[in-house]
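Numbering of residues begins at 1 and proceeds along the displayed sequence. Below, each value reflects all heavy atoms present in this structure, side chains not excepted, and no hydrogens, waters or symmetry copies.
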Amino acid sequence: RAFWGWLNAVFNKVDHERIQAVGPDRAASEWLLRCGALVRYQGSPKWQQDYNGLPTGPLGKYKIEAINATDSCIMYRGFDYLDGLEHVTDIKLEKCMYIQDECLQRLSETSNLQKSLQQLKIISCGNVTDKGILALHKLTNLEYLYLSDLPGIREKEMTFRVLQQALPNLELELDLE
């Protein structure tokens, strides 16, 4: 178990020289796929899941539009890869054991995501609490938030009321016990 944690931390190490060399979308694609997530590019209906099948072509041609991090090992350490992404409208975090409040805070403080992100789904991420959900108030263009199976959320009514006041246009869908 300790070995896998170590390996996942290695997968999440940010290579700033790589971001400079290949651009933010390509570098983030490599990070996400290395960690077991999927990406979908603008103008494409299909999800990219094979690291070795990453599209080639002119740098900057493929812009990440959606991220599906189901069962992936993405963690806070790798979130610097999100900084340069300008076209991400949809993120799904499901069964991500390393996602915790700090990740959601970091996500919501990423200025490009504040402008572009419209849909966010957080499902079965056991380390997320009210604090992480409240941090999402900085995602001012968020239109849809789906929360399910989050045992760390204790003050449901208060948390959702505060979020709804901060983001009046937000459609909030809950599947919480």
Are a donor atom and an acceptor atom from the side chains of Ser44 and Tyr62 found within less than 3.5 Å of each other?
no
ILVMFWY cluster, Ile99 and Leu134 together (side-chain gap under 4.5 Å):
no
For the OG atom of Ser124 and the CE atom of Met97, what is their distance to the nearest 0.5 Å?
13.5 Å
Under a single-linkage definition using a 4.5 Å side-chain heavy-atom cutoff for Ile, Leu, Val, Met, Phe, Trp and Tyr, are Leu139 and Leu85 assigned to the same hydrophobic cluster?
yes
Please find the pair of heavy atoms, one from Ile153 and one from Thr129, that lie closest to each other, and give the distance.
CG1-C, 4.2 Å
Looking only at non-hydrogen atoms, find the nearest pair between Glu86 and Ser116 and report the distance.
O-CB, 3.6 Å
Minimal non-hydrogen separation, Tyr41 against Leu54, with atom names
OH-CD2, 3.2 Å
So, does Arg26 use its side chain to make a donor-acceptor pair with the main chain of Pro55 at under 3.5 Å?
yes
Determine whether Asn68 and Thr70 satisfy the following criterion, side chain to side chain donor-acceptor pair (under 3.5 Å), listing intermediate values before the conclusion.
CA-CA 6 Å; Asn68 181 342; Thr70 301; 2.6 Å; yes
What are the two closest heavy atoms between Leu150 and Ile123, and how far apart are they?
CD2-C, 4.4 Å
Between Leu107 and Val14, is there shared hydrophobic-cluster membership here, with clusters defined by ILVMFWY side-chain heavy atoms closer than 4.5 Å?
yes
Short side-chain to backbone donor-acceptor contact, Arg154 and Pro151, under 3.5 Å:
yes
Would you indicate whether Glu17, at its atom CD, is surrounded by more than 12 heavy atoms from other residues, nucleotides or ligands within a distance under 6.0 Å?
no
Are Leu120 and Tyr146 side-chain neighbours, meaning at least one heavy-atom pair lies under 4.5 Å?
no
Taking atom CG of Leu145 and atom CG of Leu170, what is their separation to the nearest 0.5 Å?
5.5 Å
Would Asn141 and Thr89 count as a side-chain contact (heavy atoms from CB on, under 4.5 Å) here? Give the steps.
CA-CA 9 Å; Asn141 284 322; Thr89 59; over 6 Å; no
Is the closest side-chain heavy-atom distance between Val128 and Leu104 below 4.5 Å?
yes
Find the distance between CZ (Arg106) and CG (Leu113) and round it off to the nearest 0.5 Å.
9.0 Å
Any chance you could lay out the side-chain contact (heavy atoms from CB on, under 4.5 Å) test for Leu82 and Ile67, step after step, and finish with the verdict?
CA-CA 11 Å; Leu82 300 174; Ile67 297 168; 4.1 Å; yes
With a 4.5 Å limit on heavy-atom distance, are the side chains of Tyr51 and Arg34 in contact?
yes
Ile133-Leu172 co-clustered via ILVMFWY side chain contacts under 4.5 Å:
yes
Asn12 side-chain N/O to Arg77 backbone N/O, donor-acceptor pair under 3.5 Å
no
Side chains of Leu33 and Gln48: closer than 4.5 Å at any heavy-atom pair?
yes
The reported gap from CD in Glu102 to NZ in Lys131 (rounded to nearest 0.5 angstrom) is 5.5 Å
Check whether more than 12 heavy atoms from other residues, nucleotides or ligands sit under 6.0 Å from atom CD of Glu109, and answer yes or no.
yes
Stepwise side chain to side chain donor-acceptor pair (under 3.5 Å) check, Gln118 with Tyr144:
CA-CA 6 Å; Gln118 296 169 358; Tyr144 177 77; over 6 Å; no
For Ala69 and Cys96 the tightest heavy-atom approach is O-SG, 3.0 Å
In Å, rounded to the nearest 0.5 Å, how long is the span from CD1 of Ile64 to CG of Leu38?
11.5 Å
Contact between Val162 and His137 at the side-chain level, heavy atoms closer than 4.5 Å - yes or no?
no
Can Glu30 and Arg18 be counted as an ion pair, charged N to O under 4.0 angstrom?
yes
Between Ile19 and Tyr81, does the side-chain contact (heavy atoms from CB on, under 4.5 Å) criterion hold? Intermediate values first, please.
CA-CA 8 Å; Ile19 296 170; Tyr81 280 111; 3.7 Å; yes
Charged N-O contact under 4.0 Å between Asp80 and Lys13:
no
Within a strict 4.5 Å, meaning less than it, do heavy atoms of the Leu117 and Asp90 side chains meet?
no
Evaluate Asp149 against Lys95 for salt bridge (Lys or Arg N to Asp or Glu O under 4.0 Å), listing each step before the verdict.
CA-CA 10 Å; Asp149 186 27; Lys95 297 182 198 150; over 6 Å; no
If you compare all heavy atoms of Ala27 against all heavy atoms of Val22, which two are closest, and at what distance to 0.1 Å?
N-CG2, 3.8 Å
Test item: Phe160 and Leu174 side chains (from C-beta on) under 4.5 Å apart, heavy atoms:
yes
Pairwise side-chain contact, Lys138 with Gln105, heavy-atom cut-off 4.5 Å (strictly under)
no
Surrounding CD of Gln20 (heavy atoms of other residues, nucleotides or ligands, distance under 6.0 Å), is the total greater than 12?
no
Test your reading of the model: is there a side-chain donor-acceptor pair from Asp101 to the backbone of Gly132, 3.5 Å cut-off?
yes
At what distance, to the nearest 0.5 angstrom, does CG of Leu142 lie from CD of Glu171?
10.5 Å
Taking the six-membered ring for Trp, are Phe79 and Trp31 parallel (under 30°), tilted (30 to 60°) or perpendicular (over 60°)?
perpendicular
Could you check whether atom NZ of Lys156 has more than 12 heavy atoms from other residues, nucleotides or ligands sitting under 6.0 Å from it?
yes
